[in-house]
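Have a look at the structure below before the remarks.
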2 protein chains.
Amino acid sequence: MVDKEMMKGSIDLVLLSLISQRDLYGYEITRILKHLSDDTYEMSEGTLYSALKRLERKGWIESYWYDTEIGRRKYYRLTEKGGEELKRKQENWKMVESLVQKSSEELT
Amino acid sequence: MVDKEMMKGSIDLVLLSLISQRDLYGYEITRILKHLSDDTYEMSEGTLYSALKRLERKGWIESYWYDTEIGRRKYYRLTEKGGEELKRKQENWKMVESLVQKSSEELT
DNA sequence: CGATGCACCTCGTATTACAAGGGTGCATCG
DNA sequence: CGATGCACCCTTGTAATACGAGGTGCATCG
């Protein structure tokens with residue numbers, strides 16, 4: 001559908017954004033992304049879980065197990081540090097956004 | 001200044017955008033990016049030249065030498081294939097843009 | 001029973017972006 | 001004249017990234 005490497009470089013930002021809104025579990029995240037992209041993008045689980053691990057290792061998210069009748073789920077929640085990082089990444093994103101835009105507009 | 005890894009994933013798009021407007025040489029590109037970012041971002045030359053090599057290897061840009069009184073410069077120009085790739089990457093970018101936005105807004 | 005969906009995970013690999021280095025030649029300054 | 005700085009190009013090594021392919025277990029549906 002779309003470029004498989006579409007999200008390269010933006011995965012952490014997107015994940016932190018999503019988790020900042022409410023606690024989510026892995027599989028749920030893939031469903032949300034699929035939905036938000038109108039079924040054009042499906043994040044591979046290999047990508048997702050290693051990204052979540054990375055975010056946790058860096059202290060930006062924390063996880064906890066939650067058992068439902070239909071099985072166990074590992075939920076992730078944003079930490080304070082993760083909130084700060086999200087802010088940084090958002091500003092960063094704005095910068096890149098403006099560069100991408102300018103690079104296709106003006107050339108001084 | 002900004003995150004050193006700021007451009008991760010967007011370098012190719014930015015470079016193709018810039019070169020699509022007019023032929024450019026390497027050093028000039030670093031100057032333009034610095035200017036467009038209001039001096040907050042300076043692409044390391046290692047990054048730039050290996051990116052240019054990559055783009056050339058993929059057939060998206062072509063290079064030619066040009067001699068001025070003050071020395072030789074290696075200019076890069078967009079190929080037809082590069083034009084198509086640029087278009088693809090731009091659509092891709094819009095997708096990611098919308099995901100980044102949505103991920104910090106709604107959660108269905 | 002087999003397939004499908006939910007839910008998690010690991011491993012190996014190619015690619016990427018970077019820093020750190022190296023090189024040339026010209027101009028300017030002391 | 002020598003040093004410094006700028007303009008310009010390049011290579012190498014490394015850490016991190018994103019991915020596909022594979023694996024587990026359970027429940028449900030046909």
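The sequence lines fix the lettering, A, B, ..., with proteins before strands; numbering per chain opens at 1.
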Practice prompt. For Gly46(A), answer base if it contacts any base atom (sugar-phosphate contacts may also be present), sugar-phosphate if it contacts only those atoms, and nothing otherwise; contact means non-hydrogen atoms under 4.0 Å.
Written response: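 Base, at least one base atom sits under 4.0 Å.
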Using whole Å, what does the distance between atom [atom2] of nucleotide [N] and atom [atom1] of [X] come to?
X	N	atom1	atom2	value
Met43(B)	dC10(D)	CE	P	15 Å
Leu24(A)	dC6(C)	CG	P	16 Å
Leu52(B)	dC18(C)	CG	P	13 Å

Should the pair [X]-[Y] be classified as a salt bridge under the 4.0 Å nitrogen-to-oxygen rule?
X	Y	answer
Arg77(B)	Glu56(B)	no
Glu42(B)	Arg31(B)	yes
Lys58(A)	Asp12(A)	no
Lys81(B)	Glu85(B)	no

Does a side-chain N or O of [X] approach OP1 or OP2 of [N] to a distance below 4.0 Å, or not?
X	N	value
Lys58(B)	dT15(C)	no
Tyr49(B)	dC10(D)	no
Arg54(A)	dT17(D)	yes
Tyr25(A)	dA7(C)	yes
Ser44(B)	dC18(C)	no

Of the listed nucleotides ([options]), which one gets closest to any side-chain atom of [X]?
X	options	answer
Asp12(B)	dC9(D), dA17(C), dC9(C)	dA17(C)
Tyr27(B)	dA7(C), dC19(D), dC9(D)	dC9(D)
Thr47(A)	dC19(D), dC10(D), dA17(C)	dC19(D)
Ile11(A)	dC8(C), dA18(D), dC9(D)	dA18(D)
Arg73(B)	dC9(C), dA17(C), dC8(D)	dC8(D)

Practice prompt. Between Arg31(B) and Lys53(B), just flag the one whose closest nucleotide in DNA chain D comes earlier from the 5' side.
Written response: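 In this pair, the answer is Arg31(B).
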Discussion item. Go nucleotide by nucleotide along DNA chain D from the 5' end; which of Ser50(A) and Lys74(B) gets its closest nucleotide reached first?
Written reply: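 Nearer the 5' end of the strand: Lys74(B).
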Worksheet item: ring-ring contact (aromatic ring centres under 6.0 Å, His included) with Tyr75(A): which residues, sequence neighbours excluded?
Response: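 Tyr75(A) satisfies ring-ring contact (aromatic ring centres under 6.0 Å, His included) with Tyr25(A), Tyr64(A), Tyr66(A) once adjacent residues are dropped.
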Fill in: Backbone N/O of Trp60(A) and side chain of Thr79(A): donor-acceptor pair under 3.5 Å
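Looks like yes, one N/O pair under 3.5 Å.
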Worksheet item: Side chain of Gln21(A), backbone of Ser103(B): donor and acceptor closer than 3.5 Å?
Response: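 Yes, because the side chain of Gln21(A) sits within donor-acceptor range (under 3.5 Å) of the backbone of Ser103(B).
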Discussion item. Determine whether a donor-acceptor pair (one donor, one acceptor, N or O, separation below 3.5 Å) exists between the side chain of Glu45(A) and the base of dC8(C).
Written reply: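 A donor-acceptor contact between them is present.
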Item to complete: Let me have DNA chain C in dot-bracket notation, would you? Count Watson-Crick plus G-U wobble pairs, both distances under 3.5 Å, and use [ ] for pairs crossing earlier ones and | for inter-strand partners.
Response: ||||||||||||||||||||||||||||||
Practice prompt. Please figure out whether Tyr75(A) or Lys8(A) has its closest DNA chain C nucleotide nearer the 5' end.
Written response: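 On the 5' side of the pair lies Tyr75(A).
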